[in-house]
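Here's the structure we're looking at; comments come further down.
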There are 2 protein chains.
Amino acid sequence: MAMDKPVPRTRIQKKNIARISEAALSVFSTYGFRGSTVDQIAKQAKLSKPNLLYYFPSKEAIHTHLLSTLMDTWLDPLRALDDNGDPLEEILTYMRRKLQMSRDHPRESRLFANEIVQGAPRILTLLETDLKQLVDQKAAVIAGWMDQGRIARADPHHLIFSIWSLTQHYADFDVQVHAVLGPEKPDPYPEAEAYLVTLFTRMLTP
Amino acid sequence: MAMDKPVPRTRIQKKNIARISEAALSVFSTYGFRGSTVDQIAKQAKLSKPNLLYYFPSKEAIHTHLLSTLMDTWLDPLRALDDNGDPLEEILTYMRRKLQMSRDHPRESRLFANEIVQGAPRILTLLETDLKQLVDQKAAVIAGWMDQGRIARADPHHLIFSIWSLTQHYADFDVQVHAVLGPEKPDPYPEAEAYLVTLFTRMLTP
DNA sequence: CGTGGCTTTGACCAAAAGGTCAAAAGGATT
DNA sequence: AATCCTTTTGACCTTTTGGTCAAAGCCACG
């Protein structure tokens, strides 16, 4: 299970690993793991296939590398949820950050979406340990706020799920959103943000 | 682009097409189109590969067959949204039906999710015509209710998106939900429904 | 400017994949 | 039971795919 070459050494390695990661992100996020081919990734990275496999030992290694790199970034907004902040403001900020990630990093969102929809075979353990622990902890913080009557009551775990689903929807189902809104509304994000702020404000105001 | 054999004739055909559809639903919903193989589907349907290809001319034909069969079922709950009903009750009922579909037909939900996340190459047109038209129509109904002050204001299109994302999340991201909630909570749906009823009630009560 | 390690490549392989076909087997109808 | 149509299959073909390898090219440093 050794993954090799996780840390770039020379500047050529740095450059090529970055190109491969970038290309792999595009390809994997569009076709899922099994639907993607090494050739495709190599072509997008403008490397020959053997050259690509010089940097990563296998297709799976590239995928795992992406996933583990991303996991941290992905959880950062939730980590930033501050016990000592204003409850509603903290939750709205978290929601806004997640929405921004959907807008600015839709491929990353879709990479995760593909992985999870397909049963998360490669990150299930991560979800059951790191993710669960973080969510449990933040859910407790939110429950505390509710106990103090500073925001209205609602199941904290499902509250977090709802932030995930509502924000990631705009990245993962982007095509559908655009199909429904039509070409005269090319950027749904301003309305989405306004809508979500209203939603969470109304729901959480005591 | 002819798809052949859409309607079963003999009872053997009926049986085998049903078995193929069932197997294909499982496989496609788990691996996406490109990640699925005809062998896999044939094996699950307990047919030989050539035998399967006697009923459908190609892998793509099976996929298209599933997708178009499902599309109707999928939109039924939204079609049922009644202009003359009680606004909040109508929206809650729609939400509940969608949630029930996530619980009872998670594979169907994931089949769509896979297709959309990967850019909806095979149903984009459907989305831009049928789906858009239906959504626009129902959004107008909801906007009407808001104009009459019977429910609180919020962007109707994004309201519909939020019902989709919140309910489908429990089917599409099922693995994640279970990983976070842990094994002692094997059925998240009762809490999910309670949470979503609260959410939409608070948001839409004037 | 030459040497040693890093990088790149063309040629190649075995396995997997989508799909074809002719012939055999099975079913229903007379 | 003879016949005709439907169904099933084994063998086969081509393309794609993940991955290997030895040899060639390149680069930095002494």
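Lettering follows sequence order; numbering is per chain, from 1.
Within the 4.0 Å cut-off from OP1 or OP2 of D:dT9, at least one side-chain nitrogen or oxygen of B:S48 is found. Considering only side-chain N and O atoms, A:N51 lies nowhere under 4.0 angstrom from the phosphate OP1 or OP2 of C:dG10. Between A:Y55 and the phosphate of C:dT8, there is a side-chain N or O to OP1/OP2 separation shorter than 4.0 Å. Between A:Q13 and C:dC6 there is no side-chain N or O to OP1 or OP2 distance below 4.0 Å.
Partners of A:S162 by side-chain hydrogen bond (donor to acceptor under 3.5 Å, both in side chains), not counting sequence neighbours, listed by chain and number: B:Y195. Among residues two or more places apart in sequence or in another chain, the side chain to side chain contact (heavy atoms under 4.5 Å, CB included) test is passed with B:D187 by B:Y189, B:P190. By the side chain to side chain contact (heavy atoms under 4.5 Å, CB included) test, A:Q137 pairs with A:L134, sequence neighbours left out. Judged as a side-chain hydrogen bond (donor to acceptor under 3.5 Å, both in side chains), and not counting sequence neighbours, the contacts of A:K132 are A:D136. Shown here are the side chain to side chain contact (heavy atoms under 4.5 Å, CB included) partners of A:V135, two or more places apart in sequence or in another chain: A:L78, A:L131, A:H157, A:I160, A:W164, B:V180. Under the side-chain hydrogen bond (donor to acceptor under 3.5 Å, both in side chains) criterion, A:Q100 pairs with no residue, sequence neighbours left out. Take B:R153 and apply the side-chain hydrogen bond (donor to acceptor under 3.5 Å, both in side chains) test, not counting sequence neighbours, and it matches B:D147. Legend: residues meeting side chain to side chain contact (heavy atoms under 4.5 Å, CB included) with A:V141, ordered by chain and number and at least two apart, are A:D83, A:W145.
What separates CG of B:N16 from C1' of D:dT9 is a distance of 14 Å, to the nearest Å. Rounded to a whole Å, the CD1 atom of A:I62 is 9 Å from the P atom of D:dG19. Between B:K43 atom NZ and C:dA16 atom P the separation is 12 Å, expressed in whole Å. The interatomic distance linking B:I17 (CD1) with D:dT8 (P) rounds to 11 Å, in whole Å. Rounding to whole angstrom units, CG of residue A:L52 and C1' of C:dT7 are separated by 13 Å. Spacing between atom CG of B:L47 and atom P of D:dT8 amounts to 7 Å, rounded to whole angstrom units. Taking atom CZ of residue A:F56 and atom C1' of nucleotide D:dG18, one finds them 16 Å apart after rounding to whole Å.
Aromatic ring orientation, A:F33 versus A:H63: tilted (interplanar angle from 30° to 60°).
No more than 12 heavy atoms of other residues, nucleotides or ligands shown are found within 6.0 angstrom of CD on B:Q133.
Among residue pairs with one or both ends in residues 71-114 of chain A, those qualifying as ring-ring contact (aromatic ring centres under 6.0 Å, His included) are A:W74-A:F112; sequence neighbours excluded.
For residues 26-33 of chain B, proximity to DNA chain D is found at no residue, defined as any non-hydrogen atom under 4.0 angstrom from a strand atom.
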Which parts of nucleotides 11-17 of chain D does protein reach within less than 4.0 Å, heavy atoms only, written one letter per nucleotide 5' to 3' as B for base, S for sugar-phosphate only and - for none?
B-----S

Using a 4.0 Å cut-off on protein heavy atoms (strictly under), produce a 5'-to-3' string for nucleotides 22-30 of chain D with B for base contact, S for backbone-only sugar-phosphate contact, and - for none.
------S--

